[in-house]
Each structure stands twice: as C-alpha cells, then as structure tokens.
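Everything numeric in this text was worked out from a predicted model, so none of it was measured.
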2 protein chains.
Amino acid sequence: MARLPVYLRALAALADEGTESVSSEELAAAAGVSSAKLRKDLSHLGSYGVRGVGYDVERLASEIATALGLTQDWPVAIVGMGNLGRALAAYRGFAERGFRVIALLDRDPRVVGERVSGSRVRPMADLAALVEGEGLAIGVIATPPESAQEACDALVAAGVRSVLNFAPVVLTVPDAVVVRKVDLSTELQILAFHGQRLAVAEAVAP
Amino acid sequence: MARLPVYLRALAALADEGTESVSSEELAAAAGVSSAKLRKDLSHLGSYGVRGVGYDVERLASEIATALGLTQDWPVAIVGMGNLGRALAAYRGFAERGFRVIALLDRDPRVVGERVSGSRVRPMADLAALVEGEGLAIGVIATPPESAQEACDALVAAGVRSVLNFAPVVLTVPDAVVVRKVDLSTELQILAFHGQRLAVAEAVAP
DNA sequence: ACGACTTTGTGAAGGGAGGCACAAAGTTGC
DNA sequence: GCAACTTTGTGCCTCCCTTCACAAAGTCGT
C-alpha cells in the first residue's frame, strides 16, 4: 500500500490538467507501475472504476485520500534543529499535503527559544503537552545519530505512535509504534553499488 | 542487497567500540534484521565467517565496502539550489562516507554564481565537462517537481547513470540509468495511514 | 435494441524473499 | 586427542507479491 500516495499525486496532476476520467493503463504509466498492479491495488479499496471507461479522477482521488486518512490534518513535530531540521522546517511540501508542522524542538537549551522559520524552538519537555493539547501524532527525527534513539524514546513516551527517522541509525521502539526511515547515505551507497556494477560490466565487455 | 549499507554502519559502530569479532546474532540485532537473513545476505558475498566464532569486524566491513564499491570516492553533483538543495550542500554526511560533492548546479541564471556552502553555483551547461573531467557519476535532484524531469534529462544526456531524486515525481529514464527516490510526502502519508488505522482500531476496541 | 468494442476486476500461475532447522566446521576444555 | 559446545552456511518450506490472461460488465454507434 506504499504506492497509494504515488497514485494520489498522479491523480492530482491529472485533475490539474482538467482530465475527468483515466484508464488503468494511463494512470499506471503516470505512476510508473504496471496496469495490472494498479488495478489490483485499487480493487483492494473497492470497485470505483467503470468497465469500458476507466476511473473518475476526482472520485478516485477522494477515495484514496480517505483510505490514507488524509481527510484530516495531521499535526507534525520536528525534533532536532541542525542543518536538516531547519531545512525541513522551511520546507513547504508539508502543508500542501495536509501535514501541519506545529512544533520545532531541540534538546539543546542554547537552541531552545531561537526563531526558526517563524516559530520559536521549544524544549523536549513540551512534547507531552503537544500530544495532549494539539493532538500531535507524527514525530520527525532530524537529530544527529547519537541522540536519535533518545529523541525517539521521548516521542514515544509522550504518546507519539508514528515516527519518521532521518538519522542513520536503527531505532528500537515498542510494537505499537511505526517507524519509517529516510536514509541519505544508504541511498547513495546503493547508487555506488550500481555504479560499480556498471563499471565492472564495461570493463568485461566494453 | 539494500541492507548492506546498514550492516556496514553497524560494523563501523562496533569497530569504534573496539570490538574485533561479532556473531551473526549480535550484528543482526544491531542492524535490526533476523540472524538468518543476515547470514544469507553475507553468504552471497562469500564465506567470511568462522564457524564457532563469528565474523571479524574489520575484515567483514572491508569486504562489504568492496562489494558496494566504496573503496573509491564517488563524485556527486547536486542540481537545484532551493531550500533542500542548500541543506544537502551543507550536509556533512556525504564526505564521511566517501561521497564528494564536486558541484552545485542550478538552471536559474540569477542563482548561478552565488556562493553556497563555500562553492560557486554553476550552470547546467557545465555538466558534460564535470562528467568528462571529474568523473561525475551520481546526480542528486533537489529541484521543484516541475523541473525534475528536465534536470534528470540533462544529467542523463551528460552521461550520469545514477540519480537520487528528491522531487515528488516519477522520473522517466533509459534502462541503463538507475534512479532511487527519497520522497518525504509519501513517507508522511504512509505514516498517516498507520495513524488512521490505529485510531480506527481504538475506536472499535478501546 | 443489439452487436462490437473497451476496460475493469479477479482467478491462477510464477517467482522471490524470509524463516526454520540442521549438518558441517571450527573452538575450547580436559 | 577427543568430546562437548558454539556458530556458520544452506536446503527446504511457506507466504506474499507480481504478472498473465480472461470473463464480466459497461459504453457507443447504428
């Protein structure tokens, strides 16, 4: 189900162009998957297509948004105001997709109080109040690797159940908590692996 | 094989602590995988373990680094000097892992020439020379979604075969080119999906 | 109203990755 | 030197995901 967001984005693009109906073949091409896979994915949500015609763009987008829980705003907090944290705080893509950054936090008292992208950086101790009062549900970890587990523990202790981790470490969490990882250096190393395979292949059969 | 970088990082941490030998069980725990999976992964590289003892930390790290092609430096160029591009340019994690950012590029003539993190931003036209002269092999796309495909085409035309894409679009490339995607909003939407499932589950059986 | 055509939804087959469990191999103690 | 113990490497089984292929269902032209 990790592909639903991609479909949703493709549908949004189609809607912007004024398209009203789309076939599985076209949508699959726009999303970069096979049409069979797309139809099977969509069939798990229910039968929202019309045989002989295709899918109604607006209707399908709305169904996917509902399935993903994007009909409500999701409050997000960013922990760690280093380079990456500040870049994320300035990133506009969050709000556009229904994610509201309600707090920026840092463990370092010298950073707390500073203004970043128009918000005052808050101390970690505020977390519990944010979960209780603002319904904070998603935490983003942008700390250095050494403090990532500590930041994660604080989020979990405060009641956050969804964590997006940018630090290059494996986090340990209770079963009820979901962690997704975004790992720059891993991605680059995988590219290096492919780059090397290419180089080797060319050396063997130039 | 996307797990090798994680193993490598766990091994580096062990080496820092002065550990010389590690069992599959311990290393698997540190990397967040099962020991059987770890052993199977490592067996694909060759037999570098000693039965009854475990793996030599330094030896294994070196073997993995070789397999990943990390014995050489990989020149990287970042395309798109918006918020994200500047954050990536300032990020120190690249150099630490053998990736050298040799160029920052932008399509906009008003940005070209500006200094970002100590480097002068260069025009897209410089790409071919970078591939030829500096052995540029990996391109990072940090442009807005509208110009991502254009940036990607320019990289491919210049001879870059590995692309890391931060823009939330599906890129079309020739077969010989490998694209990896890092997609913030997709990750957040997946977390929202889990968050909603949790909320629904609690509403049904509180 | 009917037949030709298009496109969905799904059953069945195929493939790959993960986990289990055990034999092989090496170590340690006596 | 031998036996008990530890840990790797791997054959087998299972399960999930993907792909193929086609029947069902709906549209459109006449």
Side-chain angles (χ1 to χ4, degrees), chain A residues 1-8 10-11 14 19-64 67-68 170 175 178-181 186 190 193-194 197, chain B residues 1-8 10-11 14 19-64 67-68 170 175 178-181 186 190 193-194 197:
Chain A
M1 299 302 131
R3 286 184 297 267
L4 287 180
V6 181
Y7 301 159
L8 189 55
L11 285 167
L14 287 168
T19 315
E20 292 188 353
S21 180
V22 65
S23 74
S24 64
E25 206 79 42
E26 293 168 303
L27 184 54
V33 301
S34 77
S35 67
K37 201 190 295 189
L38 178 113
R39 285 201 303 275
K40 189 148 284 187
D41 286 344
L42 295 186
S43 74
H44 288 301
L45 301 180
S47 285
Y48 300 123
V50 179
R51 299 176 189 222
V53 176
Y55 299 88
D56 181 275
V57 171
E58 212 155 318
R59 171 86 192 286
L60 185 55
S62 143
E63 292 295 343
I64 293 181
L68 286 174
V170 177
D175 284 350
V178 177
V179 176
R180 306 269 320 171
K181 196 177 68 174
T186 294
I190 293 172
F193 173 69
H194 286 295
R197 282 180 68 90
Chain B
M1 301 302 129
R3 287 183 296 269
L4 288 179
V6 181
Y7 301 159
L8 189 55
L11 285 167
L14 287 168
T19 315
E20 292 188 352
S21 180
V22 66
S23 73
S24 64
E25 206 80 41
E26 293 168 304
L27 184 54
V33 300
S34 77
S35 66
K37 202 190 294 190
L38 178 110
R39 287 201 301 277
K40 192 154 285 187
D41 286 345
L42 295 185
S43 75
H44 287 303
L45 301 180
S47 286
Y48 300 122
V50 180
R51 298 175 191 225
V53 177
Y55 299 89
D56 181 275
V57 171
E58 212 154 319
R59 170 86 192 286
L60 185 55
S62 142
E63 293 294 344
I64 294 181
L68 286 174
V170 177
D175 284 350
V178 177
V179 177
R180 305 273 315 174
K181 196 177 68 173
T186 293
I190 293 171
F193 173 69
H194 287 295
R197 282 180 68 90

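- Between the P atom of C:dA12 and the NZ atom of A:Lys40 lies a distance of 11 Å, rounded to the nearest Å.
- With rounding to the nearest 0.5 angstrom, the CG atom of A:Leu11 is 5.0 Å from the CD1 atom of A:Ile64.
- Distance CZ (B:Arg39) to C1' (C:dA21): 10 Å, rounded to an integer number of Å.
- Here C:dA25 presents its C1' atom at 18 Å from OH of B:Tyr48, a figure rounded to the nearest Å.
- The distance from atom NZ of A:Lys37 to atom P of C:dG14 is 19 Å, rounded to the nearest whole Å.
- Rounded to the nearest 0.5 angstrom, A:Asp41 CG and A:Ser34 OG are separated by 8.5 Å.
- If you check distances only, the side chain of A:Arg51 never reaches the base of C:dT7 with a donor-acceptor pair under 3.5 Å.
- The OH atom of A:Tyr55 sits 8.5 Å away from atom CG of A:Leu27, with the distance rounded to the nearest 0.5 Å.
- The nearest pair of heavy atoms linking A:Ile190 to B:Ala2 is CD1-CB, 3.7 Å.
- Distance A:Asp41 CG to C:dT8 P: 14 Å, rounded to the nearest Å.
- For A:Ser47, the listed nucleotide lying nearest its side chain is C:dG9; candidates were C:dT8, C:dG9, D:dG9.
- Put simply, CG on A:Asp56 is 15 Å from C1' on C:dT8, counting in whole angstrom units.
- For B:Ser23, whose side chain is taken as the heavy atoms from C-beta onward, the closest listed nucleotide among D:dT19, D:dT8, C:dT8 is D:dT8.
- Remark: B:Arg3 is not in phosphate contact with C:dA17, judged by side-chain N or O atoms under 4.0 Å from OP1 or OP2.
- The two residues B:Tyr48 and B:Glu63 come nearest to each other via the heavy atoms OH-OE1, 3.1 Å.
- Here the side chain of B:Tyr55 is nearest to one of D:dT8, C:dT10, D:dT27, namely D:dT8.
- The distance from atom CG of A:Leu42 to atom P of D:dT18 is 13 Å, rounded to the nearest whole Å.
- Put simply, NE2 on B:His44 is 11 Å from P on D:dG11, counting in whole angstrom units.
- Within the 4.0 Å cut-off from OP1 or OP2 of C:dT8, at least one side-chain nitrogen or oxygen of A:Ser24 is found.
- Nearest to the side chain of A:Ala36, among D:dT19, D:dT27, C:dG26, sits D:dT19.
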